[in-house]
Trainee: 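Questions regarding the structure given below will be posed in turn.
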Amino acid sequence: MEKLNVGLIGGGFMGKAHSLAYAAMPMFFWPAPAIPVRKALADVTEERARSVADQYGFEESTADWHDLIEDPDIHVIDIATPNNMHAEAAIAAAEAGKHIISEKPLANTSEDARRMYEAAKKAGVVNMAAFNYRRTPAVALAKKYIEEGSIGEILNFRGTYLQDWSADPESPLSWRFQKSVAGSGALGDIGTHVVDMARYLVGEISAVNSMLATWIPERPKQDSGVDSLGNAKGGGPKAPVDVDDEIVTMLKFENGAIGSLEATRNAWGRNNFITLEIHGTKGSIYFNYERRDELQVCFSDDPADRRGFRTIYTGPNHPYGANMWPIPALGIGYGETKIIETYDFVNAIVNGHEADPSFRDGYQISLIADAIVESAASEAWTNVQKVDS
Ligand code: NAI
Ligand code: SOE
């Protein structure tokens, strides 16, 4: 069976999730399109790289990510660093002819996202932007119902991504609160996941009318480069936050649907509260990631005395389900979304087709994020620029 050697850059939270997926993918998807080999891992120091490589099962380690790009034995570069590193690493990987998966948001700026998209296109390498939540089987089931026409023509999309890990003013000023490293705040960090699912389920977004807010203007500095996601309490000197904590936007879709999106990391009591509610002419769909085995659906042609939301528990009869666990509701986790993502990425490489979502999608999402920022600044509806237009 073909083997694909992976070079992973960044051994933090996402480094762990991707490593788990490389190891587990063939256990779920067998025969696997190819076996990913955890070949080499790069992080900021030799000690950290070696320690994380041992923990995540990589053969080699380095403190210089260029070593992975220059290694002719590496077929895939996986970018799991903070956002400001994605563009440089992805463009170097494309120029070296490696297939690339990059974490989201694709880049700090739409200009960098464009350069990544063009470099990958020119090199003809398979490229994927790691918006993994669309791989939750219940979200893929929603897509199936929509494509089959089960809820008719889509009228409205309501998306939220609400968290509270940074609602405490004493939670640290990690890289996620620094514009030079993160590009933006809740917008790029979590709002873009919902934008990805809105495009996946409903269609292209054509215009936005938005508000941005920063609720906590300064936070205690965090020493380490690895984000402790609010778990470390600072107490030390504070420094300014220069990104948004919350975004709220109205959406217009090209197909005439309308909608809204809210993203905040200051919503006490909400953890990974990604919700999608979609109303169509013949029914409605509701999904909440905190109950990710379930899809709620309501069909207008149900008899009037029993019409209402019913709950479908995803399992073997649903998208990706035959490869997951044998009984519905055994439990789909965050790890499974990354395992499925890895399968789709490896499949695209082996079968020579485009990955989905690609860098092109990541770039389009960056342009939507730009329109959200511009709209908030101008307090007006703003049209979204389109890739290749
Ligand atoms: P993290 O802070 O946990 O880990 C980042 C890692 O990159 C650390 O080990 C750090 O030392 C390393 N690093 C930094 N600069 C480096 C360099 N020059 N060379 C090599 N390694 C370097 O960050 P986390 O949460 O893993 O985020 C990484 C990326 O994944 C971000 O783009 C983030 O937006 C994205 N992300 C995506 C998620 C998803 O659900 N798809 C979930 C969490 C993060
Ligand atoms: C923090 O908000 C975070 O880790 C994001 O960076 C991820 O993209 C999200 O999926 C989980 O929360």
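Start at 1 and go down the list; that is how both ligands and their atoms are numbered.
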Trainee: So if I count the atoms of ligand 1 from 1 in the order they appear, which ones are less than 4.0 Å from some heavy atom of P82?
Mentor: 5 (C), 7 (O), 14 (C)

Trainee: Using ring centroids (six-membered ring only for Trp), state whether W30 and Y343 fall under 6.0 Å.
Mentor: no

Trainee: Suppose I only count heavy atoms of K338 and a 4.0 Å limit; which atoms of ligand 1 are within that range?
Mentor: 41 (N)

Trainee: Restricting to pairs with a member in residues 298-314, which pass salt bridge (charged side-chain N to carboxylate O under 4.0 Å, His left out), not counting sequence neighbours?
Mentor: D302-R310

Trainee: Compute the shortest N/O to N/O distance between G15 and ligand 1 and return yes if it is under 3.5 Å, no if not.
Mentor: no

Trainee: So if I count the atoms of ligand 1 from 1 in the order they appear, which ones are less than 4.0 Å from some heavy atom of Y133?
Mentor: 40 (O)

Trainee: Within 45° of the ring axis of F287 and under 6.0 Å from its six-membered ring centre, is that where the NZ or CZ of R292 lies?
Mentor: no

Trainee: Apply the side chain to side chain contact (heavy atoms under 4.5 Å, CB included) test between N272 and each candidate in Y289, Y334, W165; give the one that qualifies.
Mentor: Y289

Trainee: Indicate the atoms forming the closest heavy-atom contact of T214 with D244, along with that distance.
Mentor: OG1-CA, 3.5 Å

Trainee: Suppose I only count heavy atoms of H86 and a 4.0 Å limit; which atoms of ligand 1 are within that range?
Mentor: 32 (O)

Trainee: Which of these, Y334, W65, W175, has its nearest heavy atom closest to atom 40 (O) of ligand 1?
Mentor: Y334

Trainee: May I have all residue pairs that pass ring-ring contact (aromatic ring centres under 6.0 Å, His included) and include part of residues 185-209, sequence neighbours excluded?
Mentor: F131-H193, Y133-H193, Y161-H193

Trainee: Look at atom 11 (O) of ligand 1 and say which protein heavy atom is nearest, naming residue and atom and giving the distance to 0.1 Å.
Mentor: D43 OD1, 2.5 Å

Trainee: So for F131, does at least one of its heavy atoms come nearer than 4.0 angstrom to any atom of ligand 1?
Mentor: no

Trainee: With heavy-atom distances below 4.0 Å as the criterion, list the atoms of ligand 1 near A130.
Mentor: 41 (N)

Trainee: Hey, does V226 come in under 3.5 Å of ligand 1, counting only N/O atoms on both sides?
Mentor: no

Trainee: For ligand 1, is any non-hydrogen atom under 4.0 Å from E341's backbone (N, CA, C, O), its side chain (CB onward), both, or neither?
Mentor: neither

Trainee: Under a 3.5 Å threshold, yes or no: a donor from one side chain and an acceptor from the other, between T160 and T275?
Mentor: yes

Trainee: Are K144 and E147 ion-paired here, with the side-chain N under 4.0 Å from a carboxylate O?
Mentor: no

Trainee: Salt-bridge test for D43 and R50: reply yes if a basic N is under 4.0 Å from a carboxylate O, no otherwise.
Mentor: no

Trainee: Which atom names give the shortest non-hydrogen contact between H18 and E103, and what distance separates them?
Mentor: NE2-OE2, 2.7 Å

Trainee: Among all protein heavy atoms in this structure, tell me which lies nearest to atom 41 (N) of ligand 1, with the distance rounded to 0.1 Å.
Mentor: N132 OD1, 2.8 Å

Trainee: Would you call E59-R38 a salt bridge at under 4.0 Å N-O?
Mentor: no

Trainee: Which atom pairs, nitrogen or oxygen on both sides, join ligand 2 and the protein at under 3.5 angstrom?
Mentor:
| from | atom 1 | to | atom 2 | distance (Å) |
| --- | --- | --- | --- | --- |
| ligand 2 | 2 (O) | Q163 | OE1 | 2.8 |
| ligand 2 | 2 (O) | W165 | NE1 | 3.1 |
| ligand 2 | 2 (O) | D189 | OD2 | 2.8 |
| ligand 2 | 4 (O) | R176 | NH2 | 3.4 |
| ligand 2 | 6 (O) | K104 | NZ | 3.4 |
| ligand 2 | 6 (O) | R176 | NE | 3.4 |
| ligand 2 | 6 (O) | R176 | NH2 | 2.9 |
| ligand 2 | 6 (O) | D189 | OD1 | 2.5 |
| ligand 2 | 8 (O) | K104 | NZ | 2.7 |
| ligand 2 | 8 (O) | D189 | O | 3.4 |
| ligand 2 | 8 (O) | H193 | NE2 | 2.7 |
| ligand 2 | 10 (O) | Y133 | OH | 2.5 |
| ligand 2 | 10 (O) | Y161 | OH | 3.1 |
| ligand 2 | 10 (O) | H193 | NE2 | 3.3 |
| ligand 2 | 12 (O) | Q163 | NE2 | 2.9 |

Trainee: Nearest protein heavy atom to atom 15 (N) of ligand 1, by residue and atom, and its distance?
Mentor: V44 CG1, 3.7 Å

Trainee: Between R176 and D189, is there a side-chain N and carboxylate O pair less than 4.0 Å apart?
Mentor: yes

Trainee: Tell me which protein heavy atom sits closest to atom 38 (C) of ligand 1, plus the residue, atom name and distance to 0.1 Å.
Mentor: M14 SD, 3.5 Å

Trainee: With the threshold set at 4.0 Å, does a side-chain nitrogen-carboxylate oxygen contact exist between D361 and R199?
Mentor: yes

Trainee: Can you list the atoms of ligand 1 that are under 4.0 Å from a heavy atom of I9?
Mentor: 20 (C)

Trainee: Regarding E118 and K121, does a basic nitrogen lie under 4.0 Å from an acidic carboxylate oxygen?
Mentor: no

Trainee: Hydrophobic clusters join Ile, Leu, Val, Met, Phe, Trp and Tyr when side-chain heavy atoms are under 4.5 Å apart, directly or via other members; which others share one with W215?
Mentor: I216

Trainee: Identify, for atom 35 (C) of ligand 1, the protein heavy atom at the shortest distance, and state residue, atom and that distance.
Mentor: K104 O, 3.5 Å

Trainee: Checking a contact table here: which protein heavy atom is nearest atom 6 (C) of ligand 1, and how many Å away?
Mentor: G12 N, 3.7 Å

Trainee: Which atoms of ligand 1 sit under 4.0 Å from any heavy atom of R48?
Mentor: 8 (C), 9 (O), 11 (O)

Trainee: Any carboxylate oxygen within less than 4.0 angstrom of a Lys/Arg side-chain nitrogen, looking at K238 and E170?
Mentor: yes

Trainee: Is there a heavy atom in K16 that sits closer than 4.0 Å to ligand 1?
Mentor: no

Trainee: For atom 18 (N) of ligand 1, find the nearest protein heavy atom and state the residue, atom name and distance (0.1 Å precision).
Mentor: M85 SD, 3.4 Å

Trainee: Just need the protein heavy atom nearest to atom 37 (C) of ligand 1, so name the residue and atom and give the distance.
Mentor: E103 OE1, 3.0 Å

